[in-house]
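In what follows, chains are A, B, ... by sequence order, proteins preceding strands, each numbered from 1.
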Protein chains: 2
Amino acid sequence: MKKNEINKIECPVGKALKIIGGKWRLRILNEIGEEKRRFGELKRLIPDISEKMLIQELKTLMEYNLVSKKSYHQIPPKVEYSLTEKGKKVFPVLEQIVIFANVID
Amino acid sequence: MKKNEINKIECPVGKALKIIGGKWRLRILNEIGEEKRRFGELKRLIPDISEKMLIQELKTLMEYNLVSKKSYHQIPPKVEYSLTEKGKKVFPVLEQIVIFANVID
DNA sequence: TTAACTACTTACTAAAAAGTAAGAATTATT
DNA sequence: AATAATTCTTACTTTTTAGTAAGTAGTTAA
């Protein structure tokens, strides 16, 4: 079996979940949305996340190139997170998830 | 704060993830799709899941009323799992996840 | 009488994910 | 000289999730 066939073993759902699965990633992507969000702002928007998880997940999302970061070299520091073009591709997923959430009860 | 406002605290994304989040649920729902699936069939379709997890997650999905089960009282036993009407409401989510999976790399 | 079939169950262990709490960095302000 | 501001980091613990491996049930076929 060739290396570039290995990707095809796994179903697309499994593949996507490796990237946007887990407790926090979709929520973070959702809160960033079309905006530029500061770290502290995201913390407020997702009150139940710990700082550790927020920064850890942001880091991972940046590795996947779904999120980008701009640091202003000020004291106290200021950073802005936003979605990359690739990151914006989750919008339709989020849209459907929100619809699903409203349809269940 | 009134009790029926409590639901509104959490964002819809978080709410949906409680139901369809985790490593296996969307994959199971995806493999059932429009079909009637036997336990052993699902096991084959999702080769990396353990029997324990498969049955545990099926049980949970049934509690959420996304999946229903029909047992034929035969020996050896035969059961069929299928999506309820409510369960079929995840299709648009799955659809977008599959699109997302194909767009990333 | 033994094995095979299918859908589970259970006890136990291991791994992954998440939480907590403290602290570092750096400059302005009091 | 102490405090506040903001974005992180680190060590440690707890909780949650998942995996393993063995076993159960009840017929049928070898």
Side-chain angles (χ1 to χ4, degrees), chain A residues 10-11 13-32 35-64 66-83, chain B residues 10-11 13-32 35-64 66-83:
Chain A
E10 193 162 15
C11 76
V13 176
K15 192 180 161 193
L17 288 182
K18 276 191 186 155
I19 296 170
I20 53 168
K23 193 175 177 182
W24 299 116
R25 287 184 200 167
L26 281 172
R27 290 193 61 193
I28 293 169
L29 294 168
N30 190 47
E31 294 300 350
I32 299 178
E35 317 291 323
K36 293 175 182 174
R37 295 289 196 197
R38 298 189 61 177
F39 180 81
E41 198 177 1
L42 287 170
K43 231 169 67 181
R44 268 187 295 107
L45 290 166
I46 312 170
D48 47 342
I49 198 173
S50 65
E51 289 193 349
K52 178 203 159 191
M53 288 308 293
L54 180 52
I55 199 164
Q56 184 182 107
E57 297 302 81
L58 282 169
K59 214 176 269 183
T60 305
L61 290 169
M62 286 168 63
E63 280 165 11
Y64 282 124
L66 299 179
V67 166
S68 67
K69 168 178 171 174
K70 182 168 184 195
S71 293
Y72 295 82
H73 298 292
Q74 303 173 355
I75 296 295
K78 171 177 176 181
V79 297
E80 282 174 350
Y81 293 94
S82 55
L83 297 190
Chain B
E10 194 161 14
C11 75
V13 175
K15 191 179 162 196
L17 289 181
K18 275 192 186 153
I19 296 169
I20 53 168
K23 194 174 176 180
W24 299 116
R25 287 182 200 167
L26 281 172
R27 292 194 59 191
I28 293 169
L29 295 168
N30 190 48
E31 294 300 349
I32 299 177
E35 317 292 322
K36 293 174 180 172
R37 297 288 196 196
R38 298 187 61 176
F39 181 79
E41 197 176 2
L42 287 171
K43 231 170 66 180
R44 268 187 296 105
L45 290 166
I46 313 171
D48 48 339
I49 198 172
S50 65
E51 288 193 349
K52 178 202 158 193
M53 288 309 293
L54 179 52
I55 200 163
Q56 185 182 106
E57 297 300 83
L58 282 168
K59 214 174 269 181
T60 305
L61 290 169
M62 287 167 63
E63 282 166 9
Y64 282 123
L66 299 180
V67 166
S68 68
K69 168 178 170 175
K70 181 167 185 199
S71 293
Y72 295 81
H73 298 292
Q74 305 174 353
I75 295 294
K78 172 176 174 180
V79 297
E80 283 175 349
Y81 294 94
S82 54
L83 297 191

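- Between its opening and closing five pairs, the helix from C:dT1-D:dA30 to C:dT30-D:dA1 changes axis direction by 30°, a value rounded to 10 degrees.
- If you check every strand for non-hydrogen atoms under 4.0 Å, B:Y72 touches nothing.
- Checked against C:dT26, C:dA18, D:dC8, the side chain of A:W24 finds its nearest nucleotide in C:dA18.
- Computed from coordinates, the A:E80 CD to D:dC8 P distance equals 12 Å when rounded to whole Å.
- In this structure, B:L54 places its CG atom 17 Å from P of C:dT10, rounding to the nearest Å.
- Regarding contacts with the backbone of C:dT6, every side-chain N or O of B:R38 stays at 4.0 angstrom or more from both OP1 and OP2.
- Atom CG of residue B:L42 and atom CD of residue B:E35 lie 10.5 Å apart, to the nearest 0.5 angstrom.
- Residue A:K69 places at least one side-chain N or O closer than 4.0 Å to OP1 or OP2 of D:dC8.
- The CD1-C1' distance, from A:I55 to D:dT10, rounds to 12 Å in whole Å.
- Using a 4.0 Å heavy-atom cutoff across all strands shown, A:E51 reaches at least one base atom of the nucleic acid.
- C:dA15 atom P lies 13 Å from atom NZ of B:K23, rounded to whole Å.
- Residues B:P77 and A:E41 both approach DNA chain D. Their nearest nucleotides, taken by heavy-atom distance, put A:E41 toward the 5′ side.
- If you measure from atom NE2 of B:H73 to atom C1' of D:dA25, you get 14 Å, rounded to the nearest angstrom.
- No hydrogens or angles were tested; on distance alone, a donor-acceptor pair under 3.5 Å links the side chain of B:K52 to the base of D:dA18.
- Note that CZ of A:R25 and CG of A:L58 are 10.5 Å apart. Values are rounded to the nearest 0.5 Å.
- In this structure, A:K69 NZ and A:K36 NZ are separated by 16.0 Å, a value rounded to the nearest 0.5 Å.
- Closest-nucleotide positions on DNA chain C for A:P76 and A:I49 were compared, and the one nearer the 5' end corresponds to A:I49.
- Distance SG/B:C11 to CG/A:L45: 10.0 Å, rounded to 0.5 Å.
- Considering only side-chain N and O atoms, B:K59 lies nowhere under 4.0 angstrom from the phosphate OP1 or OP2 of C:dA7.
- Residue A:S50 places its side chain closer to C:dG19 than to any other of C:dG19, D:dC8, D:dA18.
- How far CD1 of B:I49 is from CD of B:E57: 6.5 Å, rounded to the nearest 0.5 Å.
- To the nearest angstrom, C1' of C:dG19 lies 11 Å from CD of A:Q56.
- Summarising the geometry, atom CD belonging to B:Q56 is positioned 8.0 Å from atom NZ belonging to B:K59; distances are rounded to the nearest 0.5 Å.
- Counting heavy atoms from C-beta on, the side chains of B:W24 and B:D48 come closer than 4.5 Å.
- In this structure, B:D48 atom CG and D:dT17 atom P are separated by 18 Å, rounded to whole Å.
- Each of A:R37, A:K43, A:R38, A:R44 was compared with A:E41 under the salt bridge (charged side-chain N to carboxylate O under 4.0 Å, His left out) criterion, and only A:R37 meets it.
- Atom NZ in A:K43 sits about 11 Å away from atom P in D:dA5, given to the nearest Å.
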